[in-house]
2 protein chains.
Amino acid sequence: MSKKQLIMESALELFAQQGFDATSVQQITEHAGISKGAFYLSFKSKDELINGLIDHFMLSLISDIDQVVKNHETDANLLYEFYQAAFHSFQKHSDFAKIFIKEQSKTLNEELISKIHQYDKLIDNIILGMLDRIYGEEISQTRYDLIYCVKGFIHTYSHLILFFDVPLDLHTLSRSLAEKTALLAKHSETTFITEELYHTINEPFHVHVTKEQLLEMVEQKIEEVDDSTLEESLTLLKQQMIEPSLSPAIVKGLILNLNNSPACKQIAFLIQGCLGV
Amino acid sequence: MSKKQLIMESALELFAQQGFDATSVQQITEHAGISKGAFYLSFKSKDELINGLIDHFMLSLISDIDQVVKNHETDANLLYEFYQAAFHSFQKHSDFAKIFIKEQSKTLNEELISKIHQYDKLIDNIILGMLDRIYGEEISQTRYDLIYCVKGFIHTYSHLILFFDVPLDLHTLSRSLAEKTALLAKHSETTFITEELYHTINEPFHVHVTKEQLLEMVEQKIEEVDDSTLEESLTLLKQQMIEPSLSPAIVKGLILNLNNSPACKQIAFLIQGCLGV
DNA sequence: TATACTAATGACTGATTGGTCATTTGTCAA
DNA sequence: TTGACAAATGACCAATCAGTCATTAGTATA
């Protein structure tokens, strides 16, 4: 495990317990068994660490959900699968999820708030795509309202999953929420969040990872992975981003390779967006 | 305005902008135009101030909602009125609502977390009472699930109200959420939060304000109020709490007097509970 | 072994914090 | 005008913080 990862894992644990502000760099380095100076060899500042954590786990969550929504053929169970994926991802990264719920829109930098807002919009788009696919024209009036309902459901029930040590039946929960969402989608008539209102609210934010940033991330990932298939796939896709030469089928296949590895799902999602597949 | 109130208002504004940790006592006192020493004449510590703010505004919110639910005769529009009351209360105390949403279950003292949990349970009970009153046996299987849905709705839509400077139509919002809640209450069948699960989760917490604490609060309130009717009502009710002598009708009337004043609604709610009216 | 290099350390700095307390200021009745 | 008391002040303290840097430890090459 690289030093960066070690620090991130130690920090994550402490942040989940105590929050960002209440956790000192000293504590993190002690918990990781390294010196304070070593921390600043891996991260320029505490803020950079927080930034990195948010990027890492938000992308993980988003790519988890996105993959399920994209790869699910029969729309019948899609809602159920969506909720399953979301809650499983929360459970898998429960430390980060705790931070995300607790510190959401706290007193962070402008930069961080904007970043979180961007990820939030990504999630909105995934949910919207899913709803449109299932219900189509049927929900043309209420689709934006439904996004907020779905996010409301996830938020409240996440509390249970994260902050109580009770064994929960995620299957029943997902089934229950799928039922509720379907009810709202089929019978809800009053519209509160019109398309206009939705866009007014989200106007100033645009999602964007520059190609340069992404290339850098790919390079870093190449050094991290052990599997040769993954390494090769990443290298080829990096080349493709610099100078397209491969056929679409090959590119899709390479991205699938990455999607099969939990460690590469996130970067797969980004490459996918960059190459427009 | 008493010094205590001045400090609380100044602190509230800064807390809403920056959060608890990021706001120093120095900043608060500068903003209030007093010295640092003067702060500690009114509050034993920064924590005591935070405690006071939470008590003050949570009670305000809860008594606002409770009054609407209790006093609404026709159950037809009750859901709508409930959401209206909740969002109006949020809008009225938007500074505090922001803090409440932002710092919810952050890294506060054990004491504070428990306190917030207690208020949360109070809200649960009000919602549950309302739902039972409207739907009765019809929702016997899903009543606890419905609480979480209602709270989920309020949470997500509160974000819009609090963090975007868009003029919002609370009437339409409340109507929309009333419709959605009714849909779920009437047609939802899958139960996730069973009665047993609900009680397991909330077991260790019990709401309690001791009579002594309440008497002290009443005394303080007597000194604060200007109106003679309010002062008299408070004094009589205080006597009643120490040694019951008035008829139930008089007690009810006195509480109504308090309910008519925004400044006394909260303490009215507590006295009501203490006297079992 | 000697040299050159990087990785890692932790004492240190300057800034900021919550909270204290000797001192000053303001306000009464005598 | 005086003296007694309460209200208010802000310099001060110890603790803690993020971040730095001179120094040391470890390692690979010659």
Side-chain angles (χ1 to χ4, degrees), chain A residues 1-54 99 102-103 106-113 115 219-220 223-224, chain B residues 1-54 99 102-103 106-113 115 219-220 223-224:
Chain A
M1 180 161 45
S2 77
K3 191 132 288 176
K4 228 170 170 163
Q5 275 176 286
L6 174 70
I7 293 172
M8 283 172 87
E9 279 178 26
S10 288
L12 196 64
E13 211 172 305
L14 293 169
F15 283 154
Q17 286 166 25
Q18 312 171 338
F20 291 136
D21 289 347
T23 305
S24 67
V25 174
Q26 190 103 263
Q27 272 181 290
I28 297 170
T29 56
E30 273 168 21
H31 192 263
I34 59 169
S35 71
K36 205 172 172 186
F39 174 92
Y40 286 94
L41 292 178
S42 293
F43 294 95
K44 275 215 294 290
S45 66
K46 190 182 172 185
D47 272 2
E48 194 186 275
L49 167 65
I50 295 173
N51 247 285
L53 283 173
I54 289 179
I99 300 173
K102 276 183 182 175
E103 316 255 333
K106 239 212 63 177
T107 318
L108 309 161
N109 320 340
E110 277 300 318
E111 189 201 338
L112 261 187
I113 292 176
K115 183 193 283 283
E219 273 165 38
Q220 205 185 327
E223 284 174 24
E224 272 178 42
Chain B
M1 180 158 47
S2 77
K3 191 131 291 177
K4 227 170 170 162
Q5 274 176 287
L6 173 70
I7 293 172
M8 281 174 88
E9 279 179 25
S10 289
L12 196 64
E13 211 173 303
L14 294 169
F15 283 154
Q17 286 166 25
Q18 313 172 339
F20 290 137
D21 290 346
T23 305
S24 67
V25 174
Q26 190 103 266
Q27 272 180 289
I28 296 169
T29 56
E30 272 168 20
H31 192 261
I34 60 170
S35 72
K36 204 172 170 185
F39 175 91
Y40 285 94
L41 293 177
S42 293
F43 294 94
K44 275 213 296 288
S45 67
K46 192 183 173 185
D47 271 3
E48 193 187 278
L49 167 65
I50 295 173
N51 248 285
L53 283 172
I54 289 178
I99 300 173
K102 277 183 183 175
E103 317 254 335
K106 237 211 66 176
T107 319
L108 309 160
N109 321 340
E110 278 301 316
E111 188 200 338
L112 262 187
I113 292 177
K115 186 194 282 282
E219 272 164 40
Q220 204 185 327
E223 283 173 24
E224 274 178 40

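The basis for the numbers below is simple: all heavy atoms, side chains too, and nothing from hydrogens, waters or symmetry mates. Reminder, nothing fancy here: chain letters follow the sequence lines and each chain counts from 1.
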Asker: Check this one for me: any side-chain N or O of A/Lys36 less than 4.0 Å away from OP1 or OP2 of C/dG10?
Answerer: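 Result: no.
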Asker: If I compare all heavy atoms of B/Thr23 with all of B/Ile28, which pair ends up nearest, and what's the gap?
Answerer: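 What the structure gives for the nearest pair is CG2-CG1, 3.8 Å.
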Asker: Tell me: CD1 of A/Ile28 to C1' of D/dG19, nearest whole Å?
Answerer: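 These atoms are roughly 13 Å apart.
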Asker: Could you check B/Gly33 against A/Gln26 and say which one's nearest nucleotide on DNA chain D is further toward the 5' end?
Answerer: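 Result of the comparison: B/Gly33.
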Asker: Rounded to whole angstroms, how far apart are CD1 on A/Ile34 and P on D/dG19?
Answerer: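 Spelled out: CD1 on A/Ile34 to P on D/dG19 is 15 Å.
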Asker: Round to the nearest Å and state the distance from B/Glu30 atom CD to D/dA11 atom P.
Answerer: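 Distance check: B/Glu30 CD to D/dA11 P gives 12 Å.
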Asker: Heavy atoms from C-beta onward define the side chain here; which of D/dA18, C/dG18, C/dT9 lies closest to that of A/Val25?
Answerer: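 So the nucleotide nearest the side chain must be D/dA18.
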Asker: Please tell me if B/Lys3 has a side-chain N or O lying less than 4.0 Å from either OP1 or OP2 of D/dA8.
Answerer: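 Answer yes for this pair, as a side-chain N or O of B/Lys3 is under 4.0 Å from OP1 or OP2.
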Asker: Calculate the interatomic distance between B/Leu41 atom CG and C/dC21 atom P; express it in whole Å.
Answerer: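 So the two atoms are 13 Å apart, to the nearest Å.
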Asker: Compare the minimum distances between each of D/dG19, C/dG19, C/dT9 and the side chain of B/Ser45, then state the nucleotide with the smallest one.
Answerer: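 Selected nucleotide: C/dG19.
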Asker: Quick check: do B/Met8 and B/Phe15 have side-chain heavy atoms less than 4.5 Å from each other?
Answerer: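 No. Closest side-chain heavy atoms not under 4.5 Å.
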Asker: Map B/Ser35 and A/Gln27 onto DNA chain D by nearest heavy atom, then report which one ends up closer to the 5' terminus.
Answerer: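 This one resolves to B/Ser35.
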Asker: What's B/Thr23 touching, base or sugar-phosphate or nothing? Going by heavy atoms closer than 4.0 Å.
Answerer: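 Result for B/Thr23 = sugar-phosphate.
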Asker: Could you state the atom-to-atom distance from CG of A/Asp21 to C1' of D/dC17 in whole Å?
Answerer: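 Checked: the CG to C1' distance equals 11 Å.
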Asker: Indicate the atoms forming the closest heavy-atom contact of B/Lys3 with B/Ser42, along with that distance.
Answerer: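 Closest approach of B/Lys3 to B/Ser42: CG-OG, 3.8 Å.
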Asker: To the nearest Å, how far apart are B/Ile7 CD1 and C/dG18 C1'?
Answerer: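 About 15 Å, once rounded to whole Å.
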Asker: Restricting to non-hydrogen atoms, name the atom on B/Ala11 and the atom on B/Leu49 that form the minimum distance, rounded to 0.1 Å.
Answerer: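 Smallest interatomic distance, heavy atoms only, reads CB-CD2, 3.7 Å.
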Asker: Search all heavy atoms of A/Phe43 against all heavy atoms of A/Lys4 and return the closest pair with its distance.
Answerer: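 Nearest heavy atoms, A/Phe43 then A/Lys4: CZ-CG, 3.5 Å.
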Asker: Using whole Å, what does the distance between atom P of nucleotide C/dG18 and atom CG of B/Leu49 come to?
Answerer: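 From B/Leu49 CG to C/dG18 P: 11 Å.
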Asker: Let me know, please, whether B/Gly37 or B/Lys46 comes out on the 5' side of the other along DNA chain C by nearest nucleotide.
Answerer: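 Checking each residue's closest nucleotide, the 5'-ward one belongs to B/Lys46.
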Asker: How long is the line joining OH of A/Tyr40 and P of D/dC17, in whole Å?
Answerer: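 After rounding, the reported distance stands at 12 Å.
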